[in-house]
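See below for the structure under consideration.
If you're wondering where the values come from, they're calculated on a predicted model, not measured in any experiment. Positions are given from 1, in the same order as the sequence printed here. No hydrogens, no waters, no symmetry mates; every other heavy atom, side chains included, goes into these values.
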Amino acid sequence: MSDSPVDTSKRTWIITSGCVGAVGAGFAAVPFVSSFQPSERAKAAGAAVEVDISTLKPGEKVTVEWRGKPVWIMRRTPEQLETLKKVEGELADPQSARTAFPTPEYAKNVHRSIKPEVFVGVGICTHLGCSPSDKFQAGPQPSLPDNWQGGFLCACHGSTFDLAGRVFKNKPAPDNLEVPPHMYLSDNKLIIGEDKKA
């Protein structure tokens, strides 16, 4: 039994309509399916951040964002590194032993860093989440002790931190500033958010 010309025409029309309908459904599904994928902003929020520190001069600090947090990278001078030993007796946790903000093993030292001169720390006070300001100048200043060696001041409630982010005794902040996971990709390239254990 052979198909009549009318049956062939109907079959072609049905197949064409079905194909067009399938293509339309595919286009309609793309935005729906892509809504399940994380946005570029969400990907960036959790992604590691690569930082070139080749132009960072001694005594300078830069801030980058990692997971929505400000991360400070400071190249300390030899004089600034010397102050870290001078203030140890005044600190609440000089060895970074407290575990509320665990310090990576490679930063459990007097300078709290992989390379002594480069400090990497999250710039958020451990008291109520304010961002401390730079008070690198040594000596008496408003809201600071007369024997100030340089560091950071959280003006909200007066917490002070040395140049390694270690909190001084009898301050509202209960812990040292957080040291994020990080590692060096080269002498002048850091990656924040990953380390060799990750």
Are the side chains of [Y] and [X] in contact, using a 4.5 Å heavy-atom criterion?
{"X": "Ile53", "Y": "Tyr184", "result": "yes"}
{"X": "Gln149", "Y": "Lys86", "result": "yes"}
{"X": "Glu65", "Y": "Lys69", "result": "no"}
{"X": "Leu185", "Y": "Leu190", "result": "no"}
{"X": "Pro180", "Y": "Val120", "result": "yes"}
{"X": "Gln80", "Y": "Glu117", "result": "no"}
{"X": "Thr63", "Y": "Lys61", "result": "yes"}
{"X": "Ser131", "Y": "Trp72", "result": "yes"}

Under 3.5 Å, is there a donor-acceptor pair between the side chain of [X] and the main chain of [Y]?
{"X": "Lys135", "Y": "Leu144", "result": "no"}
{"X": "Glu178", "Y": "Asn176", "result": "no"}
{"X": "Glu194", "Y": "Ile192", "result": "no"}
{"X": "Ser133", "Y": "Leu153", "result": "yes"}
{"X": "Asp93", "Y": "Arg98", "result": "yes"}

TODO: From the options Val118, Val51, Ile73, select the one residue that forms a side-chain contact (heavy atoms from CB on, under 4.5 Å) with Leu56.
DONE: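 When Val118, Val51, Ile73 are each tested with Leu56, the side-chain contact (heavy atoms from CB on, under 4.5 Å) holds only for Ile73.
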If every non-hydrogen atom of [X] is compared with every non-hydrogen atom of [Y], which pair is closest and at what distance?
{"X": "Phe152", "Y": "Met74", "value": "CZ-SD, 4.4 Å"}
{"X": "Phe119", "Y": "Val179", "value": "CE1-CG2, 4.4 Å"}
{"X": "Pro132", "Y": "Phe161", "value": "CG-CE1, 4.2 Å"}
{"X": "Asp195", "Y": "Pro181", "value": "OD2-CB, 3.6 Å"}
{"X": "Pro174", "Y": "Thr126", "value": "CD-O, 3.3 Å"}
{"X": "Ala164", "Y": "Leu84", "value": "N-CD2, 3.7 Å"}

Same apolar cluster: [X] and [Y], side chain cutoff 4.5 Å:
{"X": "Val110", "Y": "Val167", "value": "yes"}
{"X": "Val64", "Y": "Ile124", "value": "yes"}
{"X": "Val49", "Y": "Leu177", "value": "no"}
{"X": "Ile191", "Y": "Tyr106", "value": "no"}

Open item on the list: Would you say NZ of Lys85 has more than 12 non-hydrogen atoms from neighbouring residues, nucleotides or ligands within 6.0 angstrom?
Closed with: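 Atom NZ in Lys85 is not crowded, with 12 or fewer foreign heavy atoms closer than 6.0 Å.
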TODO: Compute whether any side-chain donor of one residue and acceptor of the other, for Asn188 and Ser186, lie under 3.5 angstrom apart.
DONE: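 Note: Asn188 and Ser186 side chains miss the donor-acceptor criterion.
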- [ ] State whether a side-chain donor-acceptor pair under 3.5 Å links Arg76 with Thr83.
- [x]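 The criterion, which ignores hydrogens and geometry beyond distance, is not satisfied for Thr83 and Arg76.
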Task: Rounded distance (nearest 0.5 Å) linking atom CD1 of Ile114 with atom CD of Glu105 - done: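 The CD1 atom of Ile114 sits 12.5 Å away from the CD atom of Glu105.
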Task: Gap separating the CD atom of Glu88 from the CG atom of Asp162, nearest 0.5 angstrom - done: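 Separation between the atoms: 8.5 Å.
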TODO: For a side chain to side chain donor-acceptor pair (under 3.5 Å) with Ser96, tell me which candidate from Arg166, Arg112, Lys108 qualifies.
DONE: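 Option passing the side chain to side chain donor-acceptor pair (under 3.5 Å) with Ser96: Arg112.
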- [ ] Determine, for Lys169 against Glu90, whether the closest basic-nitrogen to carboxylate-oxygen distance falls under 4.0 angstrom.
- [x]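 The answer is no: the pair does not qualify as a salt bridge.
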Open item on the list: Determine whether Lys189 and Glu50 satisfy the following criterion, side-chain contact (heavy atoms from CB on, under 4.5 Å), listing intermediate values before the conclusion.
Closed with: CA-CA 7 Å; Lys189 283 219 171 154; Glu50 194 173 309; 3.4 Å; yes
- [ ] Please assess His157 against Ser159 for the test side-chain hydrogen bond (donor to acceptor under 3.5 Å, both in side chains), listing each intermediate value before the final yes or no.
- [x] CA-CA 6 Å; His157 297 95; Ser159 293; over 6 Å; no
Open item on the list: Using the rule given for ring pair (Phe, Tyr, Trp, His ring centres under 6.0 Å), can you reason through Trp148 versus Phe136, listing the C-alpha separation, both sets of side-chain angles and the distance that settles it, and then say yes or no?
Closed with: CA-CA 9 Å; Trp148 183 247; Phe136 300 155; 9.9 Å; no
